[in-house]
Colleague: 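Here it is: the structure, laid out below.
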Amino acid sequence: MPPIFAHIDCNNFYVSCEQTFDARLVGRPVIVLSNNDGCVIARSEAAKLLDVRMGVPLFQIEDLVQRHAIVVRSSNYALYGDMSQRVMQCLDDFSPHVEVYSIDEAFIDLSHVPPNRLTDVGQLLRARVRKWTGLPVSVGVAASKTLAKIANRHAKQSPKTNGVLSLVDSPHIDLALERIAVADVWGIGPAYAHWLRRRDITTARALRDTDEREIRRRMGVVGVRLVRELQGTSCLALEECPPPRHSVTVSRSFPGPVVLLSELREAVALFTTRAAEKLRRRNLAAGALTVFVATDRFGRGPQYRASTTVEIAHPSDATPELLRVALHSTEELYRVDCEFKKAGVVCTALAPTDTLPVRLWNQEKWDRLRGVMEAVDGVNARFGPDTVRSAAVGYQQTWRTRVAHRSPRYTTHWDELLCVD
DNA sequence: TCTGGGGTCCTAGGACCC
DNA sequence: TCTGGGGTCCTAGGACCC
């Protein structure tokens with residue numbers, strides 16, 4: 001049986017989450033910002049019509065925001081993450097094989113559905129998600145993931161599709177590819193798009209019809225796979241269980257310059273704490289830890305970016321052990337003449353905790369430490385993040401991410417539940 | 001004043017091995 | 001007058017994704 005993929009994509013996901021819980025925002029220009037309220041990372045349809053570009057820094061469009069009373073929201077990842085899970089749960093009823101691709105996208109296998117029923121099933125799915133979560137989604141169906149993404153794009157843009165388009169056995173496939181710019185094809189980034197356009201390959205259709213050998217020379221096997229996917233030969237399988245991670249990163253930009261070692265230490269301590277929490281949630285231990293620091297790349301002061309990687313003799317997921325390493329690295333990297341703008345920690349050489357070898361020394365101490373971590377995670381899960389924490393993360397936290405316009409975390413915090421008059 | 005965060009895969013080239 | 005062949009592993013860099 002030939003594979004059939006459906007691609008499900010939430011429309012303007014972050015903005016739609018905001019609108020779902022605040023009906024006054026429906027139909028209005030709304031934007032959601034990145035950390036520190038820096039850049040625009042989601043826009044409502046009305047905001048797109050005002051020509052607010054994806055990724056533009058907020059300070060460059062202050063005028064526009066004022067003039068059109070654009071509603072500005074900080075990122076509320078607690079809300080978006082929870083809403084995402086609810087959307088993904090709806091999909092289980094439509095296919096035994098679901099790949100959660102990102103916070104707002106999924107692929108599902110629909111090869112069990114007869115081709116003439118695909119559009120109906122798509123509509124059913126769309127209505128279900130809308131009813132159960134309040135969120136609008138679009139559905140694209142095709143013989144490969146890449147084509148399904150393209151079908152979805154048309155489903156979003158063309159009103160007559162009513163949000164669902166199947167390109168399976170479709171006479172319109174050439175036209176559908178013709179109308180997609182090559183830069184909008186999944187897997188074509190700015191560098192490849194530039195190269196392709198210089199060769200007069202400007203649409204998805206032209207890319208599909210390009211000689212494979214030419215593509216292989218510049219884009220390698222990834223490019224060849226892409227072209228075949230456009231031809232309708234599935235090369236990218238559904239990935240139902242995500243492969244284990246190779247690294248865990250926690251990094252942030254600071255809202256203002258950080259100059260004191262004490263501040264930098266606090267920040268790195270918090271990032272390390274978060275990274276250790278992530279490791280424990282995923283049952284992984286780090287065999288190496290990298291700390292990196294950087295000055296403001298847009299600033300005029302002295303530029304400095306550096307990192308230190310330390311191997312950890314006994315792979316660990318315990319906050320105190322990782323903190324010791326991270327803080328030591330931070331002191332090595334610190335420079336008194338620099339204004340730091342960003343820092344982060346990266347855990348690598350990850351190993352599942354249940355496969356860790358017994359420690360030659362201090363195994364009992366390690367067992368106790370793991371017990372402590374379990375208790376700390378339990379307390380923090382029940383009474384809120386950082387109820388129990390290391391003193392190293394500080395109390396003033398002048399460097400903390402700015403979130404001036406965040407909406408309530410309606411679905412994950414009891415004290416922020418939606419109230420209706 | 002103000003410019004995000006967290007990932008992956010592939011390839012080329014060097015070191016090293018027999 | 002001529003300098004093998006075929007592997008593996010590691011790393012850095014480039015490209016991409018949301």
Side-chain angles (χ1 to χ4, degrees), chain A residues 7-14 31-42 53-63 65 72-77 80-81 84 99-107 145-146 149 152-153 182-196 215-226 229 235-236 239 242-257 267 271 274-275 278-279 282 284 288 290 292 294-301 307 309 339 341-350 400-405:
Chain A
H7 176 246
I8 296 96
D9 192 335
C10 301
N11 303 351
N12 317 326
F13 180 56
Y14 295 172
I31 56 177
V32 173
L33 303 175
S34 62
N35 275 339
N36 289 314
D37 297 340
C39 298
V40 174
I41 55 170
R53 298 284 166 83
M54 194 70 167
V56 71
L58 177 63
F59 75 90
Q60 287 178 7
I61 55 165
E62 291 287 8
D63 253 18
V65 169
V72 176
R73 289 286 161 92
S74 306
S75 290
N76 185 347
Y77 290 109
Y80 310 152
S84 171
E99 172 186 343
V100 176
Y101 177 67
S102 73
I103 194 165
D104 69 335
E105 285 177 56
F107 291 99
K145 284 175 156 184
T146 307
K149 282 266 233 184
N152 199 320
R153 216 184 161 84
V182 76
D184 293 334
V185 174
W186 191 36
I188 301 296
Y192 289 154
H194 180 73
W195 179 80
L196 288 165
I215 295 298
R216 178 184 285 275
R217 270 197 297 278
R218 173 76 172 96
M219 299 172 59
V221 295
V222 179
V224 173
R225 273 204 292 261
L226 201 164
E229 283 253 317
C235 302
L236 304 169
E239 284 184 15
R245 297 221 187 259
H246 298 140
S247 66
V248 165
T249 304
V250 177
S251 76
R252 295 282 182 279
S253 295
F254 305 126
F271 304 157
R274 292 282 175 269
K278 276 194 197 179
L279 288 173
R282 295 170 190 175
L284 293 168
T290 302
F292 67 86
T295 51
D296 187 353
R297 64 196 159 110
F298 301 103
R300 263 168 273 126
S307 68
T309 301
E339 298 191 337
K341 180 65 178 169
K342 184 176 184 175
V345 302
V346 186
C347 299
T348 50
L350 304 182
R400 271 207 96 128
T401 306
R402 182 167 45 221
V403 276
H405 314 283

Colleague: Closest approach to the side chain of Val221(A), judged atom by atom: which nucleotide of dG7(B), dC10(B), dC16(C) is it?
Modeller: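 Per side-chain heavy atoms of Val221(A), the pick is dC10(B).
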Colleague: Any side-chain heavy-atom pair from Asn12(A) and Val32(A) closer than 4.5 angstrom?
Modeller: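 No. Closest side-chain heavy atoms not under 4.5 Å.
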Colleague: Under 4.0 Å: is that the gap between some side-chain N or O of Lys278(A) and OP1 or OP2 of dG7(B)?
Modeller: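 Yes, within the criterion.
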Colleague: With nearest nucleotide decided by heavy atoms, which residue, Lys341(A) or Ser247(A), maps closer to the 5′ end of DNA chain B?
Modeller: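 First, find each residue's nearest nucleotide; the 5'-ward one identifies Lys341(A).
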Colleague: Ignoring backbone atoms, establish whether Ser251(A) has a side-chain N or O less than 4.0 Å from OP1 or OP2 of dG4(B).
Modeller: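 Answer is no, no contact under 4.0 Å.
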Colleague: Rounded to whole Å, how long is the line connecting atom CZ of Arg216(A) with atom C1' of dA15(C)?
Modeller: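 Result: 17 Å.
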Colleague: If the C1' atom of dC17(B) is compared with that of dG4(C), how far apart are they to the nearest Å?
Modeller: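 dC17(B) and dG4(C) have their C1' atoms separated by 14 Å.
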Colleague: Would you say Arg282(A) reaches dG7(B)'s phosphate, i.e. side-chain N/O to OP1/OP2 under 4.0 Å?
Modeller: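 Indeed, a polar side-chain atom of Arg282(A) lies that close.
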Colleague: Expressed as a whole number of angstroms, how long is the span from Leu58(A):CG to dC2(B):P?
Modeller: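 Nearest whole value for this atom pair: 13 Å.
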Colleague: Atom CZ of Phe59(A) and atom C1' of dT3(B): how far apart are they, to the nearest Å?
Modeller: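 So the CZ-C1' distance, Phe59(A) to dT3(B), works out to 6 Å.
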Colleague: Out of dC16(C), dC9(B), dG6(B), which nucleotide sits closest to the side chain of Ala191(A)?
Modeller: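 The answer is dC16(C).
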Colleague: Return whichever of Lys342(A) or Arg402(A) has its heavy-atom-nearest nucleotide of DNA chain B closer to the 5' end.
Modeller: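 Upstream on the strand: Arg402(A).
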Colleague: Using Watson-Crick or G-U wobble geometry with both distances below 3.5 Å, tell me the partner of dC18(B), or none.
Modeller: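 Partner of dC18(B): dG5(C).
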Colleague: Could you tell me the separation between the CE atom of Met54(A) and the C1' atom of dG5(B), rounded to a whole number of Å?
Modeller: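 After rounding, the reported distance stands at 13 Å.
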Colleague: Tell me: OH of Tyr80(A) to P of dG5(B), nearest whole Å?
Modeller: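 Going from OH in Tyr80(A) over to P in dG5(B) covers 16 Å.
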Colleague: Give Leu33(A) one of three labels, base, sugar-phosphate or nothing, depending on what nucleic acid heavy atoms sit under 4.0 Å from its own.
Modeller: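 No contact at all - Leu33(A) keeps every heavy atom at 4.0 Å or more from the nucleic acid.
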Colleague: To the nearest angstrom, how far is Trp186(A) atom CH2 from dT8(B) atom C1'?
Modeller: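 Nearest whole value for this atom pair: 12 Å.
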Colleague: Please work out if Val248(A) contacts a base, only the sugar-phosphate, or nothing of the nucleic acid, heavy-atom cut-off 4.0 Å.
Modeller: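 Counting heavy atoms under 4.0 Å across all strands, the contact made by Val248(A) is with sugar-phosphate only.
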Colleague: Between Ser74(A) (side chain only) and His405(A) (backbone N and O only), is there a donor and an acceptor less than 3.5 Å apart?
Modeller: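 Yes, the answer is positive, given that a donor and an acceptor are paired below the 3.5 Å cut-off.
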Colleague: Can you tell which of dT8(B), dG4(B), dC16(C) lies closest to the side chain of Pro190(A)?
Modeller: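 Of the candidates, dC16(C) comes closest.
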Colleague: With the side chain of Tyr192(A) defined as its heavy atoms from C-beta on, choose the nearest nucleotide among dC16(C), dG4(B), dC18(C).
Modeller: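 In terms of side-chain proximity for Tyr192(A), the closest of dC16(C), dG4(B), dC18(C) is dC16(C).
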Colleague: Whole angstroms only, please: what is the CD-P distance between Gln60(A) and dG4(B)?
Modeller: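 For the pair Gln60(A) CD and dG4(B) P, the rounded distance is 11 Å.
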Colleague: Between dC18(C), dG5(B), dT3(B), which nucleotide gets closest to the side-chain atoms of Asn35(A)?
Modeller: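 Among dC18(C), dG5(B), dT3(B), the one nearest the side chain of Asn35(A) is dG5(B).
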Colleague: Please check if any side-chain donor atom of Ser102(A) sits under 3.5 Å from a side-chain acceptor atom of Asp104(A), or the reverse.
Modeller: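 Yes, a side-chain donor-acceptor pair sits under 3.5 Å.
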Colleague: Does atom CZ of Arg218(A) have more than 12 heavy-atom neighbours, drawn from other residues, nucleotides or ligands, at distances under 6.0 Å?
Modeller: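 More than 12 heavy atoms, drawn from other residues, nucleotides or ligands, come within 6.0 Å of this atom.
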Colleague: Counting only side-chain nitrogens and oxygens, does Ser253(A) get under 4.0 Å of the OP1 or OP2 atom of dG5(B)?
Modeller: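 Yes.
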Colleague: I want to check one thing: is the phosphate of dG4(B), taken as OP1 and OP2, less than 4.0 Å away from some side-chain N or O of Arg297(A)?
Modeller: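 True: Arg297(A) side-chain N/O within range (under 4.0 Å) of dG4(B) OP1/OP2.
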Colleague: What heavy-atom pair brings Lys145(A) and Leu236(A) nearest, and what distance separates the two atoms?
Modeller: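 Closest heavy-atom pair between Lys145(A) and Leu236(A): CD-O, 3.5 Å.
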Colleague: Of the listed nucleotides (dC17(C), dC9(B), dT3(B)), which one gets closest to any side-chain atom of Tyr101(A)?
Modeller: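 Closest nucleotide to the Tyr101(A) side chain: dC17(C).
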Colleague: Can you classify the ring geometry of Phe254(A) versus Phe271(A) as parallel (below 30°), tilted (30 to 60°) or perpendicular (above 60°)?
Modeller: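 Because their plane-to-plane angle is under 30°, the rings of Phe254(A) and Phe271(A) count as parallel.
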Colleague: Have a look at Glu62(A) and say if it touches a base, only the backbone sugar-phosphate, or nothing, with a 4.0 Å heavy-atom cut-off.
Modeller: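 No contact.
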Colleague: Distance check: side-chain N/O of Arg225(A) vs OP1/OP2 of dC9(B), anything under 4.0 Å?
Modeller: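 No, no such contact exists.
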Colleague: Cys39(A) side chain: which of dG6(B), dT3(B), dC18(C) is closest?
Modeller: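 Closest of the options to the side chain of Cys39(A): dT3(B).
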Colleague: Would a 4.5 Å heavy-atom cut-off, applied to side chains only, mark Val248(A) and Arg282(A) as touching?
Modeller: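 Val248(A) vs Arg282(A): side chains touch.
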Colleague: Rounded to the nearest angstrom, tell me the gap between atom CE in Met219(A) and atom C1' in dC17(C).
Modeller: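 Result: 14 Å.
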Colleague: For Val185(A), which contact category applies under a 4.0 Å heavy-atom criterion: base, sugar-phosphate, or nothing?
Modeller: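 Sugar-phosphate contact only.
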Colleague: Base, sugar-phosphate, or nothing for Asp37(A), non-hydrogen atoms under 4.0 angstrom?
Modeller: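 Nothing: the residue Asp37(A), judged by heavy atoms under 4.0 Å, touches no strand.
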Colleague: For a quick test of reading the model: is some side-chain N or O of Ser34(A) closer than 4.0 Å to OP1 or OP2 of dG5(B)?
Modeller: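 Answer is no, no contact under 4.0 Å.
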